[in-house]
Amino acid sequence: MTDNTKKEAPPKRPQCAFFIYKQEVYSQVKDAHPGKKMTDITKIISEQYKQLPKDKIDQYEQKYKDSKAIFEKEKKTYEDKYGKIKNERKKKKEDGKGSKKAQKKQKKQESDEDESGSDDD
């Protein structure tokens with residue numbers, strides 16, 4: 001008899017305090033700075049976060065800690081049922097594929113070597 005139950009997705013790691021804050025204020029900051037790129041908006045939010053009073057930052061840190069505690073429980077339940085969670089990022093690196101940027105750089109080096117080796121005229 002085969003087991004037709006699918007393996008469920010592992011629980012996702014909780015967001016850090018800054019990302020919780022960013023998620024809360026992103027749309028407001030974006031509306032206040034129309035036309036800005038996402039990276040510029042993130043820089044603005046980062047500066048705002050750094051200027052927050054310590055008690056506000058502590059609130060975001062506590063939200064993170066609460067989320068992390070929930071994650072740890074869910075992770076343990078998942079691992080008891082399915083085994084250890086595999087790190088997909090490590091797997092990609094071990095496959096030797098690496099990032100697109102690294103692949104592009106390698107292709108360019110290979111093509112440069114081909115061009116320098118074919119100038120035998």
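To the nearest 0.5 angstrom, K68 atom NZ is 12.0 Å from C16 atom SG.
Among pairs with a residue in residues 46-59, those fulfilling salt bridge (charged side-chain N to carboxylate O under 4.0 Å, His left out) read E47-K50, K54-D58, at least two apart in sequence or across chains.
Here K65 pairs with Q62 under the side-chain contact (heavy atoms from CB on, under 4.5 Å) rule; sequence neighbours left out. In this structure K12 satisfies the salt bridge (charged side-chain N to carboxylate O under 4.0 Å, His left out) test with no other residue, sequence neighbours excluded.
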Under 3.5 Å, side-chain donor or acceptor atoms of residues 71-83 against the rest of the protein: list the pairs with distances, not counting sequence neighbours.
| from | atom 1 | to | atom 2 | distance (Å) |
| --- | --- | --- | --- | --- |
| K76 | NZ | D80 | OD2 | 3.2 |
| T77 | OG1 | K73 | O | 3.0 |
| Y78 | OH | E8 | O | 3.3 |
| E79 | OE2 | I85 | N | 3.3 |

Got a list of side-chain donor-acceptor pairs under 3.5 Å for residues 17-40, not counting sequence neighbours?
| from | atom 1 | to | atom 2 | distance (Å) |
| --- | --- | --- | --- | --- |
| Y21 | OH | Q48 | OE1 | 3.4 |
| E24 | OE1 | Y60 | OH | 2.7 |
| E24 | OE2 | K63 | NZ | 2.8 |
| H33 | ND1 | V29 | O | 3.1 |

